[in-house]
Visitor: 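This is the structure I want to talk about, given as structure tokens.
One is the number of the first residue; the rest follow in order along the sequence.
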Amino acid sequence: MTATYTKMLATTTEWLARHSIDALRISVGLVFLGFGFLKFFPGVSPAEELAVGTLEQLTFGVVSGGVALAVVAATECFIGLTLITGRFLKAGLLVMAGALVGFMSPLVLFFTDMFPGGPPTLEAQYILKDIVLVTAAMVIAARALGARLVPPRERTASDVKLAA
């Protein structure tokens, strides 16, 4: 490798280590805020019926209809705002952990509706993509709890000899 290429690779790696988790946090926050905001307007969110039905099931009917939709909307917006701003991040991540259980629960609660006769419906696919949100939340939470993404230090000729 040329010295220029090696330096460019090291610089890129350091930049990614410094900024990628924050970029992930903000982008996941934008997703939550966007989907949550839509739910404040009845009939606008394509997931409205599923969100209301799920919360009704999880609360045994105590929270239903418009109240259920408002709770989901407020929860998603709170999560989104904490992720975007980084303020109250641990609280937002805790709320997200509970919410993600709720987001995935239709796969259990409404399995036959999600997979009628085989392939997943569009709603099931919508829920399955939340697996990415769960893993992104794990990375964000690890950072919030003190973990760091650290690029490898530059290898020297003596490191190569030691490794051999």
Side-chain angles (χ1 to χ4, degrees), residues 7-110 114 120-154:
K7 184 176 179 179
M8 191 170 57
L9 190 60
T11 301
T12 302
T13 302
E14 288 174 20
W15 188 90
L16 288 170
R18 213 173 309 115
H19 300 290
S20 61
I21 296 176
D22 288 333
L24 177 66
R25 175 179 53 79
I26 292 166
S27 64
V28 170
L30 289 169
V31 169
F32 271 94
L33 185 62
F35 283 119
F37 185 74
L38 290 178
K39 289 179 182 76
F40 279 118
F41 305 97
V44 174
S45 171
E48 178 179 324
E49 187 178 319
L50 184 61
V52 169
T54 300
L55 194 54
E56 285 176 350
Q57 287 285 323
L58 291 175
T59 63
F60 302 103
V62 173
V63 181
S64 63
V67 174
L69 191 59
V71 167
V72 173
T75 301
E76 289 181 2
C77 285
F78 173 76
I79 293 166
L81 289 171
T82 63
L83 290 170
I84 292 166
T85 65
R87 299 189 73 187
F88 306 108
L89 185 58
K90 289 179 183 175
L93 288 167
L94 185 61
V95 171
M96 185 197 296
L100 288 172
V101 170
F103 298 158
M104 300 302 286
S105 63
L107 294 175
V108 175
L109 296 173
F110 310 118
M114 300 286 110
T121 63
L122 189 57
E123 289 172 322
Q125 293 173 45
Y126 181 85
I127 295 165
L128 290 170
K129 65 96 177 105
D130 288 341
I131 293 169
V132 175
L133 294 178
V134 170
T135 54
M138 292 168 62
V139 172
I140 295 164
R143 163 66 71 81
L145 296 173
R148 295 288 175 255
L149 179 61
V150 180
R153 59 185 177 85
E154 242 180 81

Visitor: Other residues, nucleotides and ligands only: do more than 12 of their heavy atoms fall within 6.0 Å of NZ on Lys90?
Guide: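 Atom NZ in Lys90 is not packed in, count stays at 12 or less.
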Visitor: Quick one: pull up OG1 in Thr13 and CZ in Arg18 and give me the separation to the nearest 0.5 Å.
Guide: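 Result: 11.0 Å between the selected atoms.
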Visitor: Atom CD1 in Ile79, atom CD1 in Ile84: separation rounded to 0.5 Å?
Guide: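 Rounded to the nearest 0.5 Å, the CD1-CD1 separation comes out at 11.5 Å.
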Visitor: When Leu83 is tested against each of Leu30, Val28, Leu33 for side-chain contact (heavy atoms from CB on, under 4.5 Å), which residue passes?
Guide: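 That would be Val28; it is the only one of Leu30, Val28, Leu33 passing the side-chain contact (heavy atoms from CB on, under 4.5 Å) with Leu83.
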Visitor: What's the spacing between Leu109 CG and Met104 CE if we round to 0.5 Å?
Guide: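 If we round to the nearest 0.5 Å, Leu109:CG and Met104:CE are 12.0 Å apart.
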Visitor: Do Leu89 and Leu93 come close enough that some side-chain heavy atom pair is under 4.5 Å?
Guide: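 Leu89 reaches Leu93 side chain to side chain.
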Visitor: Has the side chain of Arg143 got a donor or acceptor atom that lies under 3.5 Å from a matching backbone atom of Arg148?
Guide: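 Checking the backbone N and O of Arg148 against the side chain of Arg143, no donor-acceptor pair under 3.5 Å is found.
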Visitor: Compare every heavy atom of Ala68 with every heavy atom of Leu55, then report the nearest pair and how far apart it is.
Guide: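 That closest heavy-atom pairing would be CD2-O, 3.5 Å.
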Visitor: Please find the pair of heavy atoms, one from Ala99 and one from Thr75, that lie closest to each other, and give the distance.
Guide: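 Here Ala99 and Thr75 meet closest at CB-CG2, 4.3 Å.
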Visitor: Which atom pair, heavy atoms only, marks the closest approach of Ile21 to Ile140?
Guide: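 Scanning both residues, the minimum pair turns out to be CG2-CA, 4.4 Å.
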Visitor: Can you give me every donor-acceptor pair (side chain of residues 36-54, partner residue at least two apart or in another chain, under 3.5 Å) with its distance?
Guide:
| residue | atom | partner | partner atom | Å |
| --- | --- | --- | --- | --- |
| Lys39 | NZ | Phe35 | O | 3.4 |
| Lys39 | NZ | Glu76 | OE1 | 3.0 |
| Lys39 | NZ | Glu76 | OE2 | 3.4 |
| Ser45 | OG | Ala47 | N | 3.1 |
| Glu48 | OE1 | Gly43 | N | 2.5 |
| Thr54 | OG1 | Leu50 | O | 2.8 |

Visitor: Between atom OG1 of Thr121 and atom CZ of Phe110, what is the distance when rounded to the nearest 0.5 Å?
Guide: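 Result: 12.0 Å between the selected atoms.
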Visitor: Roughly how far apart are Asp130 CG and Gln125 CD, rounded to 0.5 Å?
Guide: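 Answer rounded to 0.5 Å: 12.5 Å.
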Visitor: For a side chain to side chain contact (heavy atoms under 4.5 Å, CB included) check, start with the C-alpha distance between Leu81 and Arg87, then their side-chain angles and the critical distance, and finish with the verdict.
Guide: CA-CA 8 Å; Leu81 289 171; Arg87 299 189 73 187; over 6 Å; no
Visitor: Determine whether Thr82 and Met96 make a side-chain contact, defined as any pair of heavy atoms from C-beta on separated by less than 4.5 Å.
Guide: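 Result no, sub-4.5 Å side-chain heavy-atom pair not found.
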Visitor: For a quick test of reading the model, state the closest non-hydrogen atom pair linking Gly86 to Arg25 and the distance between them.
Guide: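 Looking at all heavy atoms of both residues, the shortest contact is N-NH1, 3.5 Å.
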Visitor: Any side-chain heavy atom of Phe103 within less than 4.5 Å of one from Val134?
Guide: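 No, too far: nothing below the 4.5 Å cut-off.
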Visitor: Measure the shortest side-chain to side-chain distance between Met114 and Leu128 over non-hydrogen atoms and say whether it is less than 4.5 angstrom.
Guide: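 A side-chain contact under 4.5 Å is absent here.
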Visitor: Looking at Gly102 and Pro106, what are the two nearest heavy atoms and their distance?
Guide: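 Answer, listing the atom of Gly102 first, then Pro106: O-CD, 3.3 Å.
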Visitor: When rounded to the nearest 0.5 angstrom, what distance separates CG in Leu100 from CZ in Phe32?
Guide: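 Reported value, rounded in 0.5 Å steps: 5.0 Å.
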